[in-house]
Participant: 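Shown below is the structure under consideration.
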Amino acid sequence: MDKPEGLANVEPVRLDKNSEFKFKCHKGVKCFTQCCRDINIILTPYDIIQLKNRLELSSEEFLAIYTEPQILEKTDLPVITLKLLEAEGSDSDSKACPFVREDGCLVYVDRPTTCRYYPLGVASLSHKDDADGGEFYFFVHEPHCLGFEEDASWTVAKWREDQGVDIHDRINAEWTDLLVRKRSFPPNMKFTEQTKKMFFLASYNIDKFKEFVFESSFLKRYAVDADTVEKIKTDEIELLQFGMRWLKWLLFKEGDFEIKQDENN
Ligand code: SF4
Ligand code: SF4
């Protein structure tokens, strides 16, 4: 099995929702918080909304303080990763998540999707319109992690439920689909820099995207019904889903977005 991009410690075992494993993480393990160091955590759009709200920051401020952009090689689209800091009390080059403390995760209730999945990872083989859904799981088994030696049994499905992964995956589904869809296209199919900027805006900078929708000519250009306009004014998740539908149209000319008739002339 190919290792998913950016993951060095992936075990070559393909798991499904019924696969069983033993694992427990708690403050008593010797390795407590080791997994929050020297990591690459890609943030999903919903992660960013949860974290910026928890920290009472705008999405712009959160992105500037806590994140770094990267381009995913296989999709040529920007993704956002948590910016690591020099680990406290460390004389090596070790870097740590900005939210890790001696007694655990400062933002535990709103921790990112990747942290919820750990020690599992998820990969999608095909975009969701394909018949089989194409999703599978794998272990991210790092040598320092002693959680596998603990005596607690799970299935992948139970772990996802326990960690609150399902709601994250549901809200991020359209965004994941865009990345997977692009990956399935020939590598020479490139987006313009402007299209990539729009992908970044709608996916990660939700407050600026809201300004863009309501303070530019966006609503004059696109036919958006009054009910949707009302919803996206007050509900960030509705706005995010709306942004994903718009991106699907912008990137792949698919979906139900329409340019107003007088704008076509
Ligand atoms: S390394 Fe594993 S067992 Fe240790 S704190 Fe992290 S998840 Fe828990
Ligand atoms: S967000 Fe929390 S759980 Fe995730 S790496 Fe940072 S400290 Fe660890």
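Counting starts at 1 for both ligands and their atoms, following the listed order. Keep in mind that the numbers below use all heavy atoms, side chains included, and drop hydrogens, waters and symmetry copies.
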Participant: If we ignore angles and hydrogens, is there a donor and acceptor under 3.5 Å between the side chains of Y222 and W246?
Facilitator: yes

Participant: Under the side-chain hydrogen bond (donor to acceptor under 3.5 Å, both in side chains) criterion, do D207 and S58 qualify, and how do the steps go?
Facilitator: CA-CA 7 Å; D207 297 321; S58 70; 4.7 Å; no

Participant: For atom 6 (Fe) of ligand 1, what's the nearest protein heavy-atom neighbour? Residue, atom name and distance, please.
Facilitator: C35 SG, 2.3 Å

Participant: By number and element, which atoms of ligand 1 are closer than 4.0 Å to a non-hydrogen atom of C25?
Facilitator: 5 (S), 7 (S), 8 (Fe)

Participant: What atoms of ligand 2 come closer than 4.0 angstrom to any heavy atom of F99?
Facilitator: 7 (S)

Participant: Check E60, E61, E236 against K52 for a side chain to side chain donor-acceptor pair (under 3.5 Å) and give me the one that passes.
Facilitator: E236

Participant: I need the atoms of ligand 2 closer than 4.0 Å to a non-hydrogen atom of V100, numbered in the order shown.
Facilitator: 7 (S)

Participant: What is the nearest protein non-hydrogen atom to atom 8 (Fe) of ligand 2, stated with its residue, atom name and distance?
Facilitator: C36 SG, 2.4 Å

Participant: Got the closest protein heavy atom to atom 2 (Fe) of ligand 1, with its distance?
Facilitator: C145 SG, 2.3 Å

Participant: In this structure, are over 12 heavy atoms from other groups packed under 6.0 Å from K95 atom NZ?
Facilitator: no

Participant: Where is the nearest protein heavy atom to atom 5 (S) of ligand 2: which residue, which atom, and how far?
Facilitator: I41 CD1, 3.5 Å

Participant: Would you say that more than 12 heavy atoms from the other residues, nucleotides or ligands in this model lie under 6.0 Å from the NZ of K24, or not?
Facilitator: no

Participant: Considering the heavy atoms of P112, write down every atom of ligand 2 situated less than 4.0 Å from one of them.
Facilitator: 1 (S)

Participant: Please list, in number order, the atoms of ligand 2 under 4.0 Å from a heavy atom of I39.
Facilitator: 5 (S)

Participant: Could you list the atoms of ligand 1 found under 4.0 angstrom from a heavy atom of Y118?
Facilitator: 7 (S)

Participant: Which word best sums up how the rings of Y204 and F199 line up, parallel for under 30°, tilted for 30 to 60°, or perpendicular for over 60°?
Facilitator: perpendicular

Participant: Out of all atoms in ligand 1, which are within 4.0 Å of some heavy atom of G147? Include the element for each.
Facilitator: 3 (S)

Participant: Looking just at side-chain N and O atoms, do D47 and T113 make a donor-acceptor pair shorter than 3.5 Å?
Facilitator: yes

Participant: Tell me: protein heavy atom nearest atom 4 (Fe) of ligand 1, and distance?
Facilitator: C31 SG, 2.3 Å

Participant: Looking at C97, which atoms of ligand 2 are within less than 4.0 Å of one of its heavy atoms?
Facilitator: 1 (S), 5 (S), 6 (Fe), 7 (S)

Participant: Which atoms of ligand 2 have any heavy atom of C115 under 4.0 Å away?
Facilitator: 1 (S), 3 (S), 4 (Fe), 5 (S)

Participant: Which ligand 1 atoms, with their elements, are less than 4.0 angstrom from a heavy-atom of T33?
Facilitator: 5 (S)

Participant: Is it the case that atom NZ in K253 sees more than 12 heavy atoms from other parts of the structure closer than 6.0 Å?
Facilitator: yes

Participant: Report, as yes or no, whether the 6.0 Å neighbourhood of atom CG on D151 holds more than 12 heavy atoms from other residues, nucleotides or ligands.
Facilitator: no

Participant: Counting heavy atoms not belonging to Q70, are there more than 12 under 6.0 Å from its CD?
Facilitator: yes

